[in-house]
Amino acid sequence: MIYIDLPEKQTRLLPFYLAMEEYVARYLPIESALFMWQVEPTVIFGRNQVVENEVNLEYCQQHNIRTYRRKSGGGCVYADMSNVMLSVITREGNINEIFAEYLSLLAKALQSLGIDARQNDHNDIMLDGRKISGNAIYHLPGRTIAHGTLLYDTDMENMLHAITPPQEKLARNGVKSVRQRVALLKDYTSLSLDEIKAGLRRGICNKTVTLSPVDVEKIEEMAKEYEASEFIFSK
């Protein structure tokens, strides 16, 4: 698998990375590729979700948390600079088989770093019975994009309050319950997040392709779709 790198090291807004995976899938003659990315506090919700029903927009505005829609299905996730997002671009095929291959690839790469990660039947990666990675997938003509989170550390208050659960669930569970259902990698390894990223890259990829400045300009143009209010707030 080929690792896709950027010519400049900087943190961008989430629409750029969603456009980047789409650009790689549509225009680069690469059979399978991976890249990892991080964002400042952001909520990402699924293609079919109504943002007002799923995201606490008032809380997000008050705490400078951005909100964006992705083109894959599934539920909301919260991301910040304490965790990492992964994108895998591969062939078109049976969605269940490709999803299983992606999850197995990620779990085995984590295991090679001494982290006893296991995939489950709900498209998650688990550690000690708790979730460390949620994932989604979607098709483009001839290509498949799988992407997900990898939870190293996070702001639990933001994770809880930025995503809108039923109020009775919020009152009953709160941060303590969320903490019981998710695991933080930092509690299970002495490796830093950067060391885990480097280990995943070594374990999964055998070659690197660096995008050109022209590629980056085209991705920036594609990102405008994800930035548009019409796309974010569409019903």
Side-chain angles (χ1 to χ4, degrees), residues 1-8 12-39 42 44-49 68-77 79 83-110 119 121-125 133-150 197 200-228 230-232 234:
M1 184 172 289
I2 292 174
Y3 191 84
I4 305 296
D5 218 344
L6 288 164
E8 297 180 3
R12 295 174 175 269
L13 297 180
L14 182 127
F16 177 87
Y17 300 110
L18 296 179
M20 180 174 165
E21 62 186 15
E22 185 174 344
Y23 178 82
V24 171
R26 290 186 184 277
Y27 302 115
L28 295 192
I30 294 174
E31 182 176 348
S32 58
L34 163 75
F35 69 93
M36 290 177 278
W37 39 285
Q38 291 167 272
V39 290
T42 302
I44 311 107
F45 53 98
R47 175 187 61 219
N48 299 316
Q49 293 186 303
Y68 294 108
R69 184 184 300 276
R70 62 180 187 270
K71 293 185 179 180
S72 59
C76 283
V77 295
N83 56 48
V84 64
M85 315 292 284
L86 303 96
S87 294
V88 169
I89 299 95
T90 187
R91 70 193 187 282
E92 187 177 35
N94 181 281
I95 193 167
N96 293 324
E97 292 178 1
I98 291 176
F99 219 157
E101 289 174 10
Y102 162 70
L103 294 172
S104 176
L105 190 72
L106 179 55
K108 288 178 180 177
L110 288 167
Q119 65 192 90
D121 296 330
H122 301 286
N123 305 326
D124 301 324
I125 300 291
S133 175
N135 301 275
I137 198 168
Y138 77 103
H139 283 309
L140 291 173
R143 308 290 278 158
T144 301
I145 295 173
H147 46 206
T149 62
L150 186 58
K197 289 167 58 182
L200 292 176
R201 184 169 171 172
R202 287 194 308 270
I204 296 174
C205 300
N206 54 17
K207 184 180 178 182
T208 297
V209 168
T210 301
L211 298 179
S212 70
V214 172
D215 291 323
V216 172
E217 289 178 3
K218 292 178 180 178
I219 293 168
E220 290 171 341
E221 186 63 29
M222 289 178 67
K224 292 177 181 179
E225 176 187 2
Y226 294 93
E227 296 168 345
E230 294 83 356
F231 180 75
I232 295 171
S234 65

Pairing of Arg91 and Glu101 as salt bridge, 4.0 angstrom limit: yes
Exceeds 12 heavy-atom contacts within 6.0 angstrom, atom NZ of Lys71: yes
Chi angles and distances behind the side-chain contact (heavy atoms from CB on, under 4.5 Å) call for Glu227, Lys224: CA-CA 5 Å; Glu227 296 168 345; Lys224 292 177 181 179; 4.0 Å; yes
4.5 Å side-chain heavy-atom contact, Glu225 and Met222: no
Donor-acceptor under 3.5 Å (Arg70 side chain, Leu18 main chain): no
Evaluation steps, side-chain contact (heavy atoms from CB on, under 4.5 Å), between Val88 and Leu106: CA-CA 10 Å; Val88 169; Leu106 179 55; over 6 Å; no
Rounded distance [0.5 Å steps], CG in Asn48 versus CZ in Arg69: 8.0 Å
Nearest atoms (heavy-atom pairs only) where Gln119 meets Leu103: OE1-C, 3.7 Å
Residue list, side chain to side chain donor-acceptor pair (under 3.5 Å) with Glu92, at least two apart or on another chain: none
Residues in ring pair (Phe, Tyr, Trp, His ring centres under 6.0 Å) contact with Tyr17, at least two apart in sequence or another chain: Trp37
Test item: Leu110 and Leu200 side chains (from C-beta on) under 4.5 Å apart, heavy atoms: yes
N/O donor-acceptor pairs under 3.5 Å from side chains in residues 24-35, not counting sequence neighbours:
unit_1	atom_1	unit_2	atom_2	d
Arg26	NE	Glu22	OE2	2.9
Arg26	NH2	Glu22	OE2	3.3

Minimum heavy-atom distance between Ala136 and Gly73, given as atom pair plus value: CB-O, 3.6 Å
4.5 Å side-chain heavy-atom contact, Arg12 and Val216: yes
Shortest non-hydrogen separation from Pro7 to Leu211 and the atoms involved: CD-O, 3.3 Å
Set of residues satisfying side chain to side chain donor-acceptor pair (under 3.5 Å) with respect to Thr42, sequence neighbours excluded: none
Backbone N/O of Met36 and side chain of Tyr3: donor-acceptor pair under 3.5 Å: yes
From Phe16 atom CZ to Tyr68 atom OH, the distance as rounded to the nearest 0.5 Å: 13.5 Å
For Ile232 against Phe45, the heavy-atom pair lying closest together: O-CZ, 3.3 Å
Contact summary for Met85 and Ala79, nearest pair of heavy atoms: SD-CB, 3.7 Å
Residues His147, Ile44; criterion side-chain contact (heavy atoms from CB on, under 4.5 Å); working and verdict: CA-CA 12 Å; His147 46 206; Ile44 311 107; over 6 Å; no
Least distance between heavy atoms, Asn135 atom then Asp124 atom: ND2-CA, 4.3 Å
Ring pair (Phe, Tyr, Trp, His ring centres under 6.0 Å) involving Tyr226 - partner list, sequence neighbours excluded: Phe231
Heavy-atom donor-acceptor pair, Ser133 side chain to Thr149 backbone, under 3.5 Å: yes
Residue pairs involving residues 200-209 (criterion side-chain hydrogen bond (donor to acceptor under 3.5 Å, both in side chains); sequence neighbours excluded): Asp5-Arg201, Arg201-Thr208
Close side-chain approach of Tyr138 and Glu21, heavy atoms under 4.5 Å: yes
Residue from Ile145, Leu105, Ile137, Thr144 passing side chain to side chain contact (heavy atoms under 4.5 Å, CB included) with Thr90: Thr144
